[in-house]
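Presented below is the structure to which this report refers.
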Amino acid sequence: MKLEKISHTAVFTGTHQQYQHASNTVNCTMQFAIFLPSCASDNHRVPVLYWLSGLTCTDENFMQKAGALRMAEQLGLAIVTADTSPRGDGVPDDKDSYDFGQGAGFYLNATETPWDKHYHMYDYIVDELPSLVESNFPVSDKRAVSGHSMGGHGALVIGLRNAKRYQSISAFSPIANPSNCPWGQKAFSHYLGSNKETWQQYDASALLAKTEFDTPILVHQGSDDNFLTEQLKPQALIDAAKHEQYPLSYHEAPGYDHSYYFISSFIDEHLRFHSKHLQQ
């Protein structure tokens, strides 16, 4: 699959690069970014952290705001950031909503018209994007997945459903129980239909209660997050982990909110967590 380079920038002796490509999965042009540490080469393929961003974001937010690239260079870790949805003039959208449509793909495979033609972000993240990255860059098939908010939901769901593909999972402020919050209910009902049983395959709390694997998970949540009670609902994830004796490491950070100030404060801890498991 042909990649078109958009930008190439040196940073902390590594490189940040942006590309676009025609996607067969979501049937539009997609954009992603990759940070490659200076040690990456054909003779030294490095592991990859796939980062999934939240509502309204693109591939650019994390790379510019998280402060992750210095530590990624030190650890010899590549980072790939994807867009949050399909985009373009032919892609259906709800221009009156920030939490549905373009910019809000929820990392699922839509089954309802008209969303089912393009909104297959689950397949894009799990299959198409890693295949593209691993065939065009000096990276290995050692993978980790992380994300924030809607992207935290995506990271948990994708990691739990594909435990053999990922060595570790982490999330900041994830939508942990989307079947039972306004953001998730709005997205799921439009993308997946009214049968709530089908929603469970994209609900991390429901998946964790059923998984047969024990991929390590690290979650950070700010105590002053204004979405905490209504939208994020981490207690459902905590309860499922306790019931299943799952290796979930959950940390509530006093005084922190939902922003990139929060992410940048703890991103080094997440990168070290992933690096440890990727090297095993």
Side-chain angles (χ1 to χ4, degrees), residues 10-17 32-53 59 62-63 66-82 107 125-148 151-152 154-172 174 204 207-208 211-221 237 241 244-251 253 263-280:
V11 53
F12 298 119
T13 71
T15 60
H16 172 272
Q17 304 170 44
F32 70 92
I34 181 168
F35 169 78
L36 285 172
S38 59
C39 65
S41 70
D42 288 339
N43 294 322
H44 181 72
R45 292 181 170 267
V46 297
V48 186
L49 172 66
Y50 289 88
W51 173 268
L52 310 181
S53 287
D59 66 285
F62 177 83
M63 293 296 200
L69 304 187
R70 185 192 298 272
M71 180 57 68
E73 167 64 25
Q74 293 177 12
L75 295 171
L77 179 65
I79 301 177
V80 171
T81 57
Y107 305 102
I125 297 298
V126 172
D127 295 317
E128 186 174 17
L129 183 59
S131 177
L132 192 64
V133 169
E134 290 167 18
S135 62
N136 285 277
F137 302 97
V139 302
S140 71
D141 60 359
K142 293 287 187 178
R143 312 177 193 96
V145 62
S146 184
H148 171 232
L156 291 170
V157 167
I158 286 170
L160 287 167
R161 287 182 58 177
N162 300 275
K164 293 183 179 181
R165 290 180 62 87
Y166 301 96
Q167 273 65 52
S168 52
I169 308 163
S170 78
F172 290 86
L207 290 169
L208 193 146
T211 185
E212 298 177 357
F213 300 96
D214 59 355
T215 308
I217 298 176
L218 172 64
V219 173
H220 270 82
Q221 172 63 59
L237 190 72
E244 299 300 316
Q245 297 184 319
Y246 193 95
L248 168 68
S249 180
Y250 177 86
H251 303 274
I263 296 172
S264 63
S265 297
F266 297 97
I267 190 62
D268 284 0
E269 183 175 338
H270 281 239
L271 295 180
R272 286 192 290 264
F273 164 80
H274 290 298
S275 181
K276 171 186 173 182
H277 293 288
L278 287 164
Q279 291 173 9
Q280 291 179 354

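None of the values given here were measured: they were computed from a predicted structure. Index from 1, following the sequence.
Contact check for Leu36 versus Val139: side-chain heavy atoms found under the 4.5 Å cut-off. Ile217 places a side-chain heavy atom less than 4.5 Å from the side chain of Leu160. Between Pro138 and His44 the shortest side-chain heavy-atom distance does not fall below 4.5 Å.
Taking both residues in full, the closest heavy atoms of Gly76 and Val46 are given as O-CB, 3.5 Å, listed atom of the first, atom of the second, then distance. When every heavy atom of Phe62 is checked against every heavy atom of Ser53, the shortest pair comes out as CB-OG, 4.2 Å. Of all heavy-atom pairs between Val145 and Ala155, the closest is CG1-O, 3.6 Å. Of all heavy-atom pairs between Ser146 and Ser170, the closest is OG-OG, 2.7 Å. Residues Ile79 and Ala72 approach most closely at CD1-CB, 3.8 Å, considering heavy atoms. The two residues Ala204 and Val157 have their closest heavy-atom pair at N-CG2, 3.9 Å.
In this structure, Arg165 contributes its side chain and Arg143 its backbone to no donor-acceptor pair below 3.5 Å. Side chain of Arg45 to backbone of Phe137: a donor-acceptor contact under 3.5 angstrom is found. Under the 3.5 Å distance criterion, the side-chain polar atoms of Tyr246 are matched with a main-chain donor or acceptor of Thr215.
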What's the verdict on side-chain contact (heavy atoms from CB on, under 4.5 Å) for Leu237 and Tyr250, showing C-alpha distance, side-chain angles and the deciding distance?
CA-CA 9 Å; Leu237 190 72; Tyr250 177 86; 5.7 Å; no

Run the numbers on Met71 and Phe12 for side-chain contact (heavy atoms from CB on, under 4.5 Å), then give the verdict.
CA-CA 9 Å; Met71 180 57 68; Phe12 298 119; over 6 Å; no

Take His251 and Leu218, measure what side-chain contact (heavy atoms from CB on, under 4.5 Å) needs, and give me the verdict at the end.
CA-CA 8 Å; His251 303 274; Leu218 172 64; 3.5 Å; yes

Give the intermediate values and the outcome of side-chain contact (heavy atoms from CB on, under 4.5 Å) for residues Tyr50 and Ile158.
CA-CA 11 Å; Tyr50 289 88; Ile158 286 170; over 6 Å; no

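With rounding to the nearest 0.5 Å, the separation of NE2 in His148 from CG in Leu52 is 12.5 Å. Rounding to the nearest 0.5 Å places CG of Leu49 at 10.5 Å from OG of Ser275. Taken to the nearest 0.5 Å, the CZ atom of Arg161 stands 13.0 Å off from the CZ atom of Phe213. With values rounded to the nearest 0.5 angstrom, Gln74 atom CD is found 11.5 Å from Leu69 atom CG. Between the CZ atom in Arg70 and the CZ atom in Phe35 there is a gap of 11.0 Å [rounded to 0.5 Å]. Within the model, atoms CG of Asp127 and CG of Asn162 stand 7.5 Å from one another, a figure rounded to the nearest 0.5 Å.
With sequence neighbours excluded, the residues forming a side chain to side chain contact (heavy atoms under 4.5 Å, CB included) with Ala33 are His16, Gln18, Asp59, Met63, Thr81, listed by chain and number. Qualifying side chain to side chain contact (heavy atoms under 4.5 Å, CB included) partners for Ser131, counting only residues two or more places apart in sequence or in other chains: none. Pro47 meets the side chain to side chain contact (heavy atoms under 4.5 Å, CB included) test with Leu77, Ser140, Lys142, Leu278; sequence neighbours excluded.
When only modelled atom types and interatomic distance are considered, Glu244 and Thr211 share no side-chain donor-acceptor pair under 3.5 Å.
Between Phe172 and His270, the ring planes are parallel. Angles under 30° get that label, and only those over 60° would be called perpendicular.
The neighbour count for Gln280 CD, taken as heavy atoms of other residues, nucleotides or ligands under 6.0 Å away, is above 12.
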